[in-house]
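Reading through the structure tokens given below for one structure.
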Protein chains: 2
Amino acid sequence: MSRHLTTIIDIAKQLDISKSTVSRALTGHPNVNEKTRQRVLELAEQLDYQRNQLAISLLTNQTRTVGIMVPEFISFFFPKVIIGAQEVLAEAGYNVVICHSNESYETEVNNAKALLASRVDGLIVSHTKETRNFDHFRVFQRKGVPVVFFNRVCEDMNVSKVTVDDYDGAFKAVEHLIQTGRRRIAHLAGPDSLPNSRSRLNGYRDALRQYGIPEEPELVISYDLTLEKANIYVNHLLNLPQPPDALFAINDPTAIEALDVIKARGLRIPDDIAIVGFSNDPISAHIEPGLTTIGQPVSEIGQEAANLLMEQLLDKEENKPPRTVVLGTQLIVRGSTVRNPDNRV
Amino acid sequence: MSRHLTTIIDIAKQLDISKSTVSRALTGHPNVNEKTRQRVLELAEQLDYQRNQLAISLLTNQTRTVGIMVPEFISFFFPKVIIGAQEVLAEAGYNVVICHSNESYETEVNNAKALLASRVDGLIVSHTKETRNFDHFRVFQRKGVPVVFFNRVCEDMNVSKVTVDDYDGAFKAVEHLIQTGRRRIAHLAGPDSLPNSRSRLNGYRDALRQYGIPEEPELVISYDLTLEKANIYVNHLLNLPQPPDALFAINDPTAIEALDVIKARGLRIPDDIAIVGFSNDPISAHIEPGLTTIGQPVSEIGQEAANLLMEQLLDKEENKPPRTVVLGTQLIVRGSTVRNPDNRV
DNA sequence: CTGTTAGCGCGTTCAT
DNA sequence: ATGAACGCGCTAACAG
């Protein structure tokens, strides 16, 4: 296994011409004899010639590759965002390198280093729930590699961002619970470190306030987004002297875990307790009862992120200021909040 | 934004030493004065120096990067395989580039070219359902870049492969249906082009045969794995003069679609018709009733694939022959086949 | 211990 | 229309 791949020099030698000519023929340069070009192209084909992207990147100082880093990609959300971004990026001739940090700050830092070392032209990222320090992302900025955050965004960095209106989504979710008659509405919130979980908490609070319902501190629990903890806290809420009559969960997996716990305890949904999630995970439409949730335009998040990145990539010189795009959400009503939902989606 | 990243030459100039010394200091070469090393390390830190992986790869003719290409990654399966592979690969110091071909042959070919151009050291791949021609993978082989197939494997290529025992899994699924009293067992099969769908079909057939149940051709339908078609064919089966009393679906999404159709028609599961899927998708445990299915060791598939690749990567010289690893499956009984499943997983 | 030189594969001047 | 020479950033071989 010699592992020597054909280079333009090999082709040049065999054809007894210079490598410059081969290079020109291959890249479609106008100044090259049509017959020579044919011979080069033929031999290249015959020899399985593949241009070495490494050499070109080294030469041009751009890889036409962008990195996408996500905290996980088991749930449907991040893969779908990635696909959305990839559509736009591929269209523009960019390759994509996908990394996942596994919700680990350390892995995130390492991935960032690897991405920088491999000289990506740009970075699209949603950080881990552990991330407090963003220096590993600031390096990109400092080196002129544009960064776009989505979903989980660093508020302190002056870069483009894509989010959904988490505040509004949460508000709509809680408003829906209130309008269907609930008064003791619990909220399983995410870690305080994530801006979107703070926004959702604010939406929850403001909805209660607007409808004149006092907030009960014992009904609001922040947790680390693991299902084990979700299980514990749902049980805790149900064991309260005055248990809640509704639960607004930070995301669908949490809501589904809650639903399982509640069903296992023999309570009826939505009669005894109603549940709303966030994100419209595909599972939500399939469970019994269906989960009322807040839908987000997932692919669009990816597309927008890619667009914002392209904006920075193309206007290298003009120094376009970063932009933030906030996308809308949608209340999707299913059986976990009303008996006969009409718009079962 | 100058986009000039610090190089060892910059450091060398500022310290008035040669770039070789800088290189040595940075890579931990023993032959370098400890004081010089300190000065270099300090300045490098201060200047945000990041080694240019491109240059090193060009030089060493290896990128320490492996490509993983999958047909899709919305379902849980492929992401989980990727994570499994990544664990092993990261441990061995390899980076991973993830591509998805979106079940499109054309995209697959393009991805393969890009991966080759960016000089990955190896490739782990599961091909699209459209793929009939494997020349774009053979190029890797020819160039000495090891390839490992998993899940959907090319039978004609002499490379390492990881699969599960699809035949045995299907056999167990159908046997379970027979043992719980079903006789008219339909099978929604995958496209004939996929070896694993052929194996599952064979398992189905042999189970029937072994239990003396004649195969009814009208009960076996091959289709393209899209949910639209699944919907159509399930309805078709139910409209048969003698509808089936059980359905073995090629995978869980298909089974879940069938389950929805069957419930919508007011039939009782498992009394009127039983359903078994394949792959143990997380959704399966959450739907009503739970879906009986065949579990596969998903992360292990990824880990094994990575191991087989490493084997080829390390023994470049010795020319180790490719190996095929076949992993076992597990019948997981839930409510879609028996009223009170005891081992609800 | 350190500096010099060569070369990885390619595109791009600048000549011819 | 073609060739020679240079350089992208780095490591390694060879001299000191």
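The chains referred to below are lettered A, B, ... by the order of the sequence lines, with proteins before strands, and numbering in each begins at 1. Below, each value reflects all heavy atoms present in this structure, side chains not excepted, and no hydrogens, waters or symmetry copies.
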### Task
Please find out if less than 6.0 Å separates the ring center of A:His136 from that of A:Tyr105.
yes
### Query
What does A:Leu54 touch in the nucleic acid at a heavy-atom separation under 4.0 angstrom: a base, only the sugar-phosphate, or nothing?
nothing
### Task
Name the residue closer to the 5' end of DNA chain D, choosing between A:Thr60 and A:Arg37 according to the nucleotide with the nearest heavy atom.
A:Arg37
### Separation of atom NE2 in A:His29 from atom P in C:dG11, rounded to whole Å
12 Å
### Query
Is the phosphate of C:dG9, meaning OP1 or OP2, less than 4.0 Å from a side-chain N or O of A:Thr7?
no
### Task
Tell me what A:Asn31 touches on the nucleic acid: a base, only sugar-phosphate, or nothing, going by heavy atoms under 4.0 Å.
base
### Task
Go through the steps to decide whether A:Glu106 and A:Lys113 satisfy the test salt bridge (Lys or Arg N to Asp or Glu O under 4.0 Å), and finish with yes or no.
CA-CA 11 Å; A:Glu106 197 191 331; A:Lys113 279 196 184 138; over 6 Å; no
### Task
Please report, rounded to the nearest Å, how far the C1' atom of D:dC8 is from the CD atom of A:Gln62.
13 Å
#### Entry: Note: A:Arg152-A:Glu103 ion pair, threshold 4.0 Å (strictly below)
yes
### Query
Has the side chain of B:Arg119 got a donor or acceptor atom sitting under 3.5 Å from an opposite partner on the base of C:dG9?
no
### Task
Test for a donor-acceptor pair under 3.5 Å between the base of C:dT4 and the side chain of B:Ser20, counting only N and O atoms.
yes
### Message
Ignoring hydrogens and geometry beyond distance, is the side chain of A:Arg51 in donor-acceptor contact with the base of C:dG11 at under 3.5 Å?
### Response
no
### Message
So B:Ile56, base contact, sugar-phosphate only, or nothing? Heavy-atom distance under 4.0 Å.
### Response
sugar-phosphate
### Query
Where each residue is assigned the nucleotide of DNA chain C containing its nearest heavy atom, which of B:Asp16 and A:Leu59 is assigned the position nearer the 5′ end?
B:Asp16
### Query
What is the distance from CZ of A:Arg24 to P of C:dC10, rounded to the nearest Å?
15 Å
### Summary
B:Ile9 atom CD1 is separated from C:dG3 atom C1', nearest whole Å, by 14 Å
### Query
Can you check the A:Lys19 NZ to C:dT12 P distance for me, whole Å?
12 Å
### Message
Under 6.0 Å between ring centres: does that hold for A:Phe137 and A:Phe149?
### Response
yes
### Task
For the pair A:Arg39 and A:Glu42, evaluate salt bridge (Lys or Arg N to Asp or Glu O under 4.0 Å) and give the outcome as yes or no after the intermediate values.
CA-CA 5 Å; A:Arg39 290 172 57 212; A:Glu42 243 166 61; over 6 Å; no
### Query
Is any side-chain nitrogen or oxygen of A:Asn61 closer than 4.0 Å to OP1 or OP2 of D:dC8?
no
### Task
Check the distance between C:dG3's P and B:Ile8's CD1 and give it to me in whole angstrom.
12 Å
### Query
Within the structure shown, what part of the strands sits under 4.0 Å from A:Thr36 by heavy-atom distance: base, sugar-phosphate, or nothing?
sugar-phosphate
#### Entry: Residues A:Ser20 and A:Ser23: side-chain donor-acceptor under 3.5 angstrom
no
### Query
Quick one: on DNA chain D, does A:Ile17 or B:Gln53 contact a more 5' nucleotide (nearest heavy atom)?
A:Ile17
### Query
Should B:Thr21 be listed as having a side-chain N or O under 4.0 Å from OP1 or OP2 of C:dG3?
yes
### Task
Using whole Å, report how far CG of A:Asp10 lies from P of C:dG9.
8 Å
### Query
Under 4.0 Å between a side-chain N/O of A:Ser23 and OP1 or OP2 of C:dG11, yes or no?
yes
### Query
A:Leu15 has an atom CG; how far is it from atom C1' of D:dT2, in whole Å?
13 Å
